[in-house]
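What you see is a predicted model, and the numbers here were worked out from it, not measured in a lab.
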Amino acid sequence: MKHFLLAAALIFSAPAAMACETATIGDLTVEHAWSKATIGAGRPGVFYVEITNTGSTDDALVGIATPAAGMPMLHETVVQDGIASMPHAMSIPVPAGQSVQLSPGGYHGMLMGLTTALKEGDSFPVTLTFEKAGEVTVNVDVLSLRAEGPDCADAGQ
């Protein structure tokens with residue numbers, strides 16, 4: 001238990017600015033990983049990221065895992081007849097030669113069963129599992145409740 005608490009403290013106190021880091025697995029580039037602060041651990045958190053497939057073969061994000069949440073899932077925001085819902089997404093396509101963003105109002109990671117509240121300035125790891133490329137772990141920055149994304153010099157380029 002002592003080791004778990006130490007590991008959790010290190011995970012959640014890592015320095016910010018990791019959202020601007022890039023991870024690569026095969027033809028996939030994963031960058032701009034971020035989350036919003038939560039009001040307590042009883043509320044779900046979110047996970048956003050940009051994935052670029054520079055290859056000639058389609059892939060798909062099929063799962064996420066993190067020690068920050070007991071039940072991380074992929075969701076998609078869908079608006080039908082003016083009513084928004086967030087159904088579970090079994091996978092998120094990452095077409096060859098294209099980029100996909102998990103972002104507010106679209107595909108996103110839902111972090112249910114948080115182990116602790118997500119506080120602005122903290123960070124935590126998320127492992128993304130792709131159908132073909134395999135697994136890659138990224139560090140996720142926790143931004144303010146009002147954030148719309150990380151402030152990276154190369155964001156969107």
Heavy-atom closest pair, residues Leu74 and Leu61: CD1-O, 3.6 Å
Minimum-distance pair of heavy atoms, taken over all atoms of Ala33 and Val138: CB-CG2, 4.0 Å
Exercise: identify the closest heavy-atom pair between Ile64 and Pro72: O-CG, 3.5 Å
4.5 Å side-chain heavy-atom contact, Phe47 and Leu118: no
Smallest separation among heavy atoms of Val100 and Pro93, with atom names: CG2-O, 3.2 Å
Non-hydrogen atoms of Ser144 and Lys36 that approach each other most closely: O-CG, 3.9 Å
Separation of Thr116 OG1 from Phe124 CZ (nearest 0.5 Å): 11.5 Å
Cluster link Tyr48 to Val62, ILVMFWY, side chain under 4.5 Å: no
Under 4.5 Å side-chain linkage, directly or through intermediates, the cluster mates of Ile39: Leu145
CD1-NE2 distance between Ile51 and His32, expressed to the nearest 0.5 angstrom: 12.5 Å
Pair listing, ring pair (Phe, Tyr, Trp, His ring centres under 6.0 Å) test, anchored in residues 87-113, at least two apart: His75-His108
Between CE on residue Met110 and CG on residue Leu102, distance to nearest 0.5 Å: 12.0 Å
Which residues share a side-chain hydrogen bond (donor to acceptor under 3.5 Å, both in side chains) with Thr38, sequence neighbours left out: none
Heavy-atom side-chain proximity of Val30 to Phe130 below 4.5 angstrom: yes
Joint hydrophobic cluster, Ile25 plus Val126, side-chain heavy atoms closer than 4.5 Å: yes
From Met90 atom CE to Glu76 atom CD, the distance as rounded to the nearest 0.5 Å: 13.5 Å
All side-chain hydrogen bond (donor to acceptor under 3.5 Å, both in side chains) counterparts of Thr127, not counting sequence neighbours: Thr137
Heavy-atom closest contact (Ala117 atom, Ala41 atom, distance): N-CB, 3.7 Å
Any pair counted as side chain to side chain donor-acceptor pair (under 3.5 Å), so long as it reaches residues 51-71, sequence neighbours left out: Thr52-Ser99
Point-to-point distance, once rounded to the nearest 0.5 Å, from CG of Asp141 to OG of Ser35: 9.5 Å
Single-linkage hydrophobic cluster, 4.5 Å side-chain cutoff, Val140 and Val136 together: yes
Non-hydrogen side-chain atoms of Leu111 and Pro44 separated by less than 4.5 Å: no
Selection residues 52-71 - residue pairs positive for ring pair (Phe, Tyr, Trp, His ring centres under 6.0 Å), sequence neighbours left out: none
